[in-house]
Amino acid sequence: MADKTTVLVIGSINMDLVVRSPHMPSPGETVLGQEFFTSPGGKGANQAVAAARLGAKVKMIARVGEDAFGQMLRGNLEKENIDCSCIRVTEGAASGVAMIVIDSRGENSIVVASGANFRVTPDDVFSEEDAFAAAAVVVLQLELPLPTVRAAIEQARRHECKIVLDPAPAPRAMPVELFRVDVISPNVSEAEILLDAKPTAERVDKQVAADLLNRGAKAVVLKLGRRGALVAAAADGQFHRVGPYRVPVVDTTGAGDAFTAAMAVAIARGEKLCDAVKFGNAAGALACTKIGAQQAMPTRDEVMLLMADQPL
Ligand code: RIB
């Protein structure tokens with residue numbers, strides 16, 4: 001068997017078009033915002049950059065369009081030491097683009113035009129046997145067509161890779177095969193959509209995590225934002241809370257991606273899930289302290305420093 005050490009990210013690459021605004025516009029409202037900037041994003045690419053900065057050997061399977069954004073986005077990933085040999089250029093397609101508004105509290109709202117990301121096919125996944133053979137962990141999100149994500153899960157299982165699914169953006173009626181992964185890591189609002197159930201005083205975090213385990217995941221990591229995370233594993237039926245790290249929040253864009261990537265890197269290193277989630281919480285917190293997505297991803301040293309400063 002090949003030396004299984006890489007983190008293989010199969011996911012989206014977007015150019016983020018970002019504006020800061022004093023508040024989120026209501027329907028029909030025009031708001032005068034602040035500076036506009038473009039910066040590399042996309043949940044898949046953000047996770048790949050974070051994993052690489054955290055010290056992992058990273059490869060990506062993805063597509064960009066045949067345009068200037070595509071060249072810039074791929075070039076940026078190469079600079080971050082990501083193996084881009086499985087990133088294809090799609091003739092006649094535009095690269096993915098995300099329109100992002102960030103409000104004065106650092107919260108964001110995002111609309112994505114998927115472009116080439118929606119041209120990543122199951123064949124793109126099935127044709128990359130070597131990438132899966134070398135992968136310790138396969139990291140997935142849902143900005144690609146669901147049949148492609150399902151193909152990636154099938155392929156990862158055949159190659160005995162651990163599978164981490166960040167189910168964002170969460171679809172209604174997600175196919176059952178997509179729940180059958182090693183770790184699924186929704187935030188609370190994504191979990192509500194996946195389960196088609198609003199949490200109530202009675203339906204608290206543990207119940208949500210248990211419901212997700214019942215759908216077939218081996219472990220659930222429920223991201224609770226400023227409350228940290230809840231970890232639940234099917235094997236022992238235990239729940240563990242992992243506390244948050246306190247940081248000054250500038251922009252939350254990409255914080256979930258930093259979390260997922262850090263958790264995957266720690267899993268690839270063979271760490272226990274609760275320790276991997278702690279590492280993820282620290283990386284996610286640090287990603288909130290700078291503006292932008294990929295440009296805000298922390299290094300391993302920065303994460304270790306925060307963990308040492310704030311022992312949980
Ligand atoms: O998770 C943040 C990302 O979501 C942004 O970078 C944007 O591109 C969208 O994919």
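Ligands are counted one by one from 1 in listed order, and the atoms in each one are counted from 1 as well.
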Side chain, backbone, both or neither: the part of Q294 lying under 4.0 Å from ligand 1 by heavy atom: neither
Pair E129-H159, side chain to side chain contact (heavy atoms under 4.5 Å, CB included): steps then yes or no: CA-CA 8 Å; E129 295 282 349; H159 284 276; 2.6 Å; yes
Ligand-residue contact atoms, ligand 1 with G41, heavy atoms, under 4.0 Å: 6 (O), 8 (O)
Option from D275, V277, N281 for which side chain to side chain contact (heavy atoms under 4.5 Å, CB included) with M263 holds: V277
Nearest-0.5 Å distance, CD of residue Q155 to CD1 of residue I163: 10.5 Å
Closest protein heavy atom (residue, atom, distance) for atom 5 (C) of ligand 1: D16 OD2, 3.4 Å
Hydrophobic cluster identity match, V242 and L224, side-chain contacts under 4.5 Å: no
Short N-O contact, E107 and R20, less than 4.0 angstrom: no
Sub-4.0 Å heavy-atom contact, S12 with ligand 1: no
Closest approach of any protein heavy atom to atom 10 (O) of ligand 1, naming residue and atom: E143 OE2, 2.7 Å
Contacting atoms of ligand 1, where contact means under 4.0 angstrom from a heavy atom of A293: 6 (O)
Atom 3 (C) of ligand 1: the protein heavy-atom neighbour that sits closest, reported with distance to 0.1 Å: N46 ND2, 3.6 Å
